[in-house]
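Because only heavy atoms are used, hydrogens play no part in the values below, and waters and symmetry mates are left out as well, while side chains stay in. Naming: A, B, ... by sequence-line order, numbering from 1 per chain.
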Number of protein chains: 2
Amino acid sequence: MKLSEGVEAAIHCATLLAQLEEGRTMPASALAEYHGLSPSYLLKHLKTLAAAGILESVSGPHGGYRLARSAEAVTLLDVVLAIEGPKPAFRCAEIRQRGPGALEPQAYAQPCGINIAMLRAEQAYRAELRKTRLSDVISNYEATADPRSIAFGCAFVDRNQRPQG
Amino acid sequence: MKLSEGVEAAIHCATLLAQLEEGRTMPASALAEYHGLSPSYLLKHLKTLAAAGILESVSGPHGGYRLARSAEAVTLLDVVLAIEGPKPAFRCAEIRQRGPGALEPQAYAQPCGINIAMLRAEQAYRAELRKTRLSDVISNYEATADPRSIAFGCAFVDRNQRPQG
DNA sequence: GCTACAGTACTCGGATAACCGCTGTCCGAGTCCAACGGG
DNA sequence: CCCGTTGGACTCGGACAGCGGTTATCCGAGTACTGTAGC
């Protein structure tokens with residue numbers, strides 16, 4: 001079990017985007033520079049987030065990305081599902097229906113108990129991720145990070161945010 | 001996020017192994033036949049489970065695999081961690097320490113809030129998996145499965161289990 | 001008839017190729033600004 | 001001086017290679033049975 005590397009980048013970017021002023025946007029190149037990542041690759045994930053309705057994109061010279069809704073309305077689960085896809089991590093291949101002891105398909109109306117247990121665990125995982133909103137991440141960041149980091153972030157946002165599109 | 005295909009096979013095999021009599025073993029070839037899987041590939045995962053201390057292996061003509069401890073003492077988490085590895089699904093690459101605003105490493109004594117949230121969710125996932133024991137899976141199976149499947153399983157176990165090694 | 005031995009067949013164990021998805025990258029479509037020329 | 005037009009530059013969007021990891025497989029090491037030969 002392993003999550004895509006892009007999940008971390010996506011969350012960081014969403015966090016930064018949440019800090020710019022209402023209606024403003026920030027281009028992918030600025031986000032990549034701020035996080036020290038490859039612009040080309042980051043763009044791929046930003047595109048995915050936009051397709052999922054978490055970000056909005058604005059084209060043109062003063063374009064860029066911004067949150068499609070408030071930071072309180074975006075959970076970590078939203079971001080993870082957008083990048084990783086909605087399919088559960090455990091995909092039951094219905095092994096029980098294979099082999100020499102297999103019966104007709106109608107005999108397997110009851111779902112596989114293993115699948116149920118695995119999906120229940122994943123529901124717990126998702127429920128926990130759903131509890132954390134983007135705004136919570138920001139609050140925690142502002143409360144614990146080095147003041148110099150916060151100041152740099154604010155300055156960077158002021159410098160790179162684009163006017164209302 | 002996706003789990004290895006082998007997790008499902010591993011759980012099914014462990015479940016079947018839990019049903020044979022005390023001290024008996026069952027060869028990988030029988031497990032593969034019962035589940036309609038490739039013997040070569042299944043052996044790989046059984047080996048992994050044995051290395052993790054969940055199964056015990058016995059070599060020789062009457063050899064095979066058996067549970068290393070009781071079905072009550074094996075949780076789904078044990079099996080998943082054995083196959084997938086103990087590392088968390090979310091691996092923080094410390095993106096916050098990259099980019100032009102990075103500070104000296106000492107400034108990042110506090111762990112990354114994003115990482116904390118992701119790990120907390122994974123702890124919930126593992127806690128849920130830890131609740132389900134192999135014996136629970138068997139109980140559920142015997143309570144819900146088609147009687148013919150259960151009878152076939154019992155007959156198969158009787159036919160393929162090897163004497164105490 | 002009993003025992004010791006060698007051969008054999010069966011098991012697991014580790015090392016080795018093939019496929020798939022994430023990683024990383026590029027160029028094209030669309031959009032807004034700005035400069036320029038005309039009125 | 002003001003306005004329309006045109007050119008340019010900047011943005012996102014989708015399509016294209018490269019690589020690591022899981023999948024799938026094979027042959028070798030070890031062990032217990034079995035048949036045989038000797039006592």
Side-chain angles (χ1 to χ4, degrees), chain A residues 1-10 13 17 24-33 35-52 55-66 68 80 82-85 87 89-91 93 95 160-165, chain B residues 1-10 13 17 24-33 35-52 55-66 68 80 82-85 87 89-91 93 95 160-165:
Chain A
M1 170 151 123
K2 95 183 156 57
L3 271 74
S4 172
E5 188 83 11
V7 171
E8 185 180 2
C13 287
L17 287 175
R24 305 295 188 88
T25 63
M26 182 177 286
S29 58
L31 289 166
E33 179 197 347
H35 295 111
L37 299 172
S38 155
S40 310
Y41 182 49
L42 190 60
L43 200 54
K44 181 187 182 71
H45 292 305
L46 293 172
K47 176 186 69 177
T48 304
L49 291 176
L55 300 185
E56 284 178 350
S57 65
V58 176
S59 292
H62 284 197
Y65 287 96
R66 66 173 164 234
V80 170
I83 300 293
E84 293 289 325
K87 288 197 292 282
F90 182 82
R91 297 143 300 164
I95 285 183
N160 290 96
Q161 69 181 350
R162 303 299 176 80
Q164 164 86 33
Chain B
M1 172 151 121
K2 95 183 156 59
L3 270 74
S4 171
E5 189 84 12
V7 171
E8 185 179 4
C13 286
L17 288 175
R24 305 296 188 86
T25 62
M26 182 177 285
S29 58
L31 288 166
E33 178 197 348
H35 295 111
L37 300 173
S38 156
S40 311
Y41 182 48
L42 191 59
L43 201 53
K44 179 188 184 72
H45 292 306
L46 293 172
K47 177 187 68 178
T48 304
L49 291 176
L55 301 184
E56 282 178 352
S57 66
V58 176
S59 290
H62 284 196
Y65 287 96
R66 66 173 164 235
V80 170
I83 300 294
E84 292 288 326
K87 289 197 290 284
F90 182 81
R91 298 143 300 165
I95 286 183
N160 289 97
Q161 69 180 350
R162 301 300 174 78
Q164 165 86 31

**Q** Both Ser57(A) and Leu3(B) contact DNA chain D. Taking the nearest nucleotide for each, which residue is further toward the 5' end?
**A** Ser57(A)
**Q** For Ile95(A) and dT23(D), what is the distance between atoms CD1 and C1' respectively, to the nearest whole Å?
**A** 14 Å
**Q** Nearest 0.5 Å, please: how far is CD1 in Ile83(B) from NZ in Lys44(B)?
**A**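 It is 10.0 Å, given to the nearest 0.5 Å.
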**Q** NE2 of His35(B) to CD of Glu8(B): how many Å apart, nearest 0.5 Å?
**A**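 Separation between the atoms: 9.5 Å.
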**Q** Could you state the atom-to-atom distance from NZ of Lys87(A) to C1' of dC20(C) in whole Å?
**A**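 Value for this atom pair: 13 Å.
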**Q** With sequence neighbours left out, write down each residue that passes side chain to side chain contact (heavy atoms under 4.5 Å, CB included) with Ala89(B), or none if nothing qualifies.
**A** Met1(A), Leu3(A), Glu122(B)
**Q** For dT23(C), take OP1 and OP2 only and decide whether either is under 4.0 Å from a side-chain N or O of Ser4(A).
**A** yes
**Q** What is the distance, rounded to the nearest whole Å, between atom NZ of Lys47(B) and atom C1' of dG30(D)?
**A**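 My rounded result for the distance is 16 Å.
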**Q** Please tell me if Ser29(A) has a side-chain N or O lying less than 4.0 Å from either OP1 or OP2 of dC10(D).
**A**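 False: Ser29(A) side-chain N/O out of range (4.0 Å or more) of dC10(D) OP1/OP2.
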**Q** Could you tell me whether Ala50(A) contacts a base, only the sugar-phosphate backbone, or nothing, with contacts defined as non-hydrogen atoms closer than 4.0 Å?
**A** nothing
**Q** Roughly how far, to the nearest 0.5 Å, is OH of Tyr41(B) from CD of Glu5(B)?
**A** 7.0 Å
**Q** Can you tell me the distance, in whole Å, between the NE2 atom of His62(A) and the C1' atom of dC32(C)?
**A** 8 Å
**Q** Round to a whole Å and report the spacing from CG of Leu37(B) to C1' of dT22(D).
**A**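 Taking CG of Leu37(B) and C1' of dT22(D), I get 16 Å after rounding.
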**Q** So how far is it from Leu42(A) CG to Cys13(A) SG, rounded to the nearest 0.5 Å?
**A** 4.0 Å
**Q** Closest approach of His45(A) and Gly6(A), non-hydrogen atoms and distance?
**A** NE2-CA, 3.5 Å
**Q** Would you kindly give the OH-to-C1' distance between Tyr65(B) and dT31(D), to the nearest whole Å?
**A** 14 Å
**Q** OP1 or OP2 of dT11(C) sitting under 4.0 Å from any side-chain N/O of Arg162(B)?
**A** yes
**Q** In this structure, how many angstroms lie between the P atom of dT23(C) and the CZ atom of Arg91(B), rounded?
**A**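 The answer, rounded to whole Å, is 8 Å.
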**Q** Can you tell me which residue among Leu17(A), Leu55(A), Val58(A) is in a side chain to side chain contact (heavy atoms under 4.5 Å, CB included) with Arg66(A)?
**A** Val58(A)
**Q** For nucleotides 24-31 of chain C, just jot down a letter per nucleotide in 5' to 3' order: B, S or -, based on protein non-hydrogen atoms under 4.0 Å.
**A** BB----BB
**Q** Taking NE2 from His45(B) and C1' from dC12(C), how many angstroms apart are they, rounded to a whole number?
**A**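 Atom NE2 in His45(B) sits about 16 Å away from atom C1' in dC12(C).
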